[in-house]
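Everything on this sheet refers to the single structure shown next.
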Amino acid sequence: MQRIRLRYTKRGRLRFTSHRDFQRAFERALRRAEVPMAYSAGFTPHPKVSYANAAPTGTGSEAEYLEIALTQERDPDVLRTLLDESLPTGLDIVEAAEARTPGLADRLTASVWELRLDEVDPEEARRAVDAFNAAGTVEVQRRTKNGVRTFDARCAVVDLERVETPSSPADRPTGRPCAILRLVVRHVTPAVRPDDVLSGLRAVADLAPPVPAAVTRLAQGLLDEETGTVTDPLAPDREAAATEPQPAGATATATVPA
């Protein structure tokens with residue numbers, strides 16, 4: 001059995017798709033691309049797809065990950081192209097790597113988020129960020145299926161800063177105020193999400209954007225505690241593939257449906 005790890009995106013209007021919506025679209029793409037999927041046993045077999053830490057509905061992402069199990073070997077790059085062509089624009093498969101190392105989910109310990117606050121003065125946002133960073137704890141509330149829960153949104157935040165420009169200049173509106181925040185947050189329990197940090201900014205500095213924030217996950221991976229950066233979770237697989245000796249006469253297998 002071959003395992004392939006994929007990085008995919010949620011862009012534009014497709015950021016409003018739920019995780020279940022994506023699952024349905026991805027399983028249809030697997031059938032269109034004629035991917036030789038491995039299936040679970042039992043009365044209702046389903047494709048062996050492992051999803052890891054999906055972004056909340058309504059947020060964009062450049063760094064969502066999943067792993068699929070195949071019954072026949074396929075070239076990861078060819079498979080990526082076939083699946084990307086079978087998905088709607090905005091749900092894009094942008095990277096593929098054969099799983100050569102264990103524990104993909106264990107390497108997703110932190111995320112980098114970008115928060116675009118339309119109609120918020122950048123200087124006002126900077127003062128709110130400074131107040132949040134200076135606080136020892138920032139208690140926020142979130143409604144869950146078990147009722148309202150109170151927790152500390154500050155403890156999981158590795159870094160929060162205001163930046164001058166967004167990752168994509170096209171994301172910044174013209175002719176009106178706009179503040180861009182960059183957030184690095186650990187994956188903890190309970191999870192601290194970007195909207196929790198926005199609630200914290202409201203609590204400590206009364207920062208309340210007049211329109212909903214546009215939130216995008218820029219990266220997801222292992223947190224480097226020394227530098228505060230988030231590393232690429234597929235890098236160990238690519239490195240292992242580059243250093244693993246190939247059997248004599250071995251050739252890559254790639255099948256493209258007619």
Should Arg80 and Asp75 count as an ion pair when the cut-off is N to O under 4.0 Å?
no
What are the two closest heavy atoms between Leu87 and Ala25, and how far apart are they?
CD2-O, 3.6 Å
Would you please test Gln220 and Glu64 for side-chain contact (heavy atoms from CB on, under 4.5 Å) and show each step?
CA-CA 8 Å; Gln220 184 180 187; Glu64 300 298 288; 4.2 Å; yes
Excluding sequence neighbours, so at least two apart, what forms side chain to side chain donor-acceptor pair (under 3.5 Å) with Asp121?
none
Do any N or O atoms from the side chain of Arg176 and from the backbone of Glu119 form a donor-acceptor pair under 3.5 angstrom?
no
In the single-linkage hydrophobic clustering (I, L, V, M, F, W, Y; side-chain heavy atoms under 4.5 Å), do Trp113 and Val184 co-cluster?
no
Val197 and side chain to side chain contact (heavy atoms under 4.5 Å, CB included): which partner among Val129, Val192, Val185?
Val192
Roughly how far apart are Ile180 CD1 and Glu164 CD, rounded to 0.5 Å?
10.0 Å
Could you tell me the separation between the CD atom of Gln141 and the OG atom of Ser199, rounded to the nearest 0.5 Å?
9.5 Å
Could you tell me which residues satisfy side chain to side chain contact (heavy atoms under 4.5 Å, CB included) with Thr17, sequence neighbours excluded, listed by chain and number?
Lys10, Leu14, Asp21, Leu91
Could you report the tightest heavy-atom contact between Arg15 and Gly60, atom names first, then the distance?
NH1-N, 3.4 Å
Quiz: residues 102-109 side-chain donor-acceptor pairs under 3.5 angstrom, not counting sequence neighbours:
residue, atom, partner, partner atom, Å
Arg107, NE, Pro233, O, 3.0
Arg107, NH1, Thr101, OG1, 3.2
Arg107, NH1, Pro102, O, 3.1
Arg107, NH2, Thr101, OG1, 3.4
Arg107, NH2, Pro233, O, 3.0
Arg107, NH2, Asp237, OD2, 3.2
Thr109, OG1, Gly221, O, 3.3
Thr109, OG1, Leu223, N, 2.9

Without swapping roles, check the side chain of Thr59 against the backbone of Ala55 for a donor-acceptor pair under 3.5 Å.
no
Looking at Ser18 and Thr57, what are the two nearest heavy atoms and their distance?
CA-OG1, 3.4 Å
Flag the pair Asn53 / Arg217 as yes when at least one side-chain heavy-atom distance between them is below 4.5 Å, and no otherwise.
yes
Scanning both residues in full, the closest heavy-atom pair of Val140 with Gly200 reads CG1-N, 3.5 Å
Does the distance from a Lys or Arg side-chain N to an Asp or Glu carboxylate O, for Glu95 and Arg5, drop under 4.0 Å?
no
Donor-acceptor pair, distance only, cut-off 3.5 Å: does the side chain of Asp84 make one with the backbone of Ile93?
yes
May I ask you to test the Leu207-Val120 pair for a side-chain heavy-atom distance under 4.5 Å?
yes
Check side chain to side chain contact (heavy atoms under 4.5 Å, CB included) between Val94 and all other residues, then give those that pass, not counting sequence neighbours.
Arg7, Thr9, Arg11, Asp92
Same apolar cluster: Leu183 and Leu181, side chain cutoff 4.5 Å
yes
Min side-chain heavy-atom separation Glu98-Gln2 under 4.5 Å:
yes
Salt bridge (charged side-chain N to carboxylate O under 4.0 Å, His left out) pairs, two or more places apart, involving residues 177-196
Glu114-Arg182, Arg142-Asp196, Arg186-Glu225, Arg193-Asp195
Mind listing the closest non-hydrogen atom pair of Ile4 and Ala96 along with its distance?
CG2-CB, 4.3 Å
Correct closest heavy-atom pair for Ala131 and Ala205 would be CB-CB, 4.4 Å
Going by the rule side chain to side chain donor-acceptor pair (under 3.5 Å), which residues pair with Arg202 if we only count those two or more places apart in sequence or in a different chain?
none
Quick one: do Leu160 and Leu198 end up in the same hydrophobic cluster if we chain Ile, Leu, Val, Met, Phe, Trp and Tyr together by side-chain heavy atoms under 4.5 Å apart?
yes
Between Gln72 and Arg74, does any side-chain donor sit less than 3.5 Å from a side-chain acceptor?
yes
Would you mind reporting whether Val138 and Leu201 have side-chain heavy atoms less than 4.5 Å apart?
no
What residues form a side chain to side chain donor-acceptor pair (under 3.5 Å) with Gln23, not counting sequence neighbours?
none
To the nearest 0.5 Å, how far apart are CG in Leu234 and OG1 in Thr231?
10.5 Å
Do the side chains of Met37 and Leu70 get nearer than 4.5 Å, heavy atoms only?
yes
Find out if a path of hydrophobic residues (ILVMFWY) with successive side-chain heavy-atom gaps under 4.5 Å connects Leu115 to Val157.
yes
Return the set of residues passing side chain to side chain contact (heavy atoms under 4.5 Å, CB included) with Glu239 (not counting sequence neighbours), or none when no residue passes.
Ala235
Side chain to side chain donor-acceptor pair (under 3.5 Å) partners for Glu124, two or more places apart:
none
Quick test of your reading: applying ring pair (Phe, Tyr, Trp, His ring centres under 6.0 Å), list the pairs with at least one residue in residues 28-79, sequence neighbours left out, ordered by first then second residue.
His19-Tyr51
Just by distance, do the side chain of Arg162 and the backbone of Ala179 share a donor-acceptor pair under 3.5 Å?
no
Keeping the roles fixed (side chain from Thr71, backbone from Pro36), state whether a donor-acceptor pair exists under 3.5 Å.
yes
For the hydrophobic clusters of this structure (ILVMFWY residues joined by side-chain heavy atoms under 4.5 Å, transitively), does one cluster hold both Leu222 and Leu66?
no
Residues in side chain to side chain contact (heavy atoms under 4.5 Å, CB included) with Thr81, at least two apart?
Glu85
Counting C-beta onward and ignoring hydrogens, is there a side-chain heavy-atom pair between Arg100 and Arg238 closer than 4.5 Å?
no
Could you tell me if the side chain of Leu83 sits less than 4.5 Å from the side chain of Leu30, heavy atoms only?
yes
Distance, nearest 0.5 Å, that separates CD1 of Ile68 from CD of Glu27:
11.5 Å
In chain order, what residues pass the ring-ring contact (aromatic ring centres under 6.0 Å, His included) check against Phe22, with sequence neighbours excluded?
Tyr8, Phe26
Regarding Thr144 and Arg149, is there a side-chain donor-to-acceptor distance under 3.5 Å anywhere?
no
Beyond-backbone contact of Glu67 with Lys48, side-chain heavy atoms, under 4.5 angstrom:
no
Any donor-acceptor pair under 3.5 Å from Ser61 side chain to Ala63 backbone:
yes
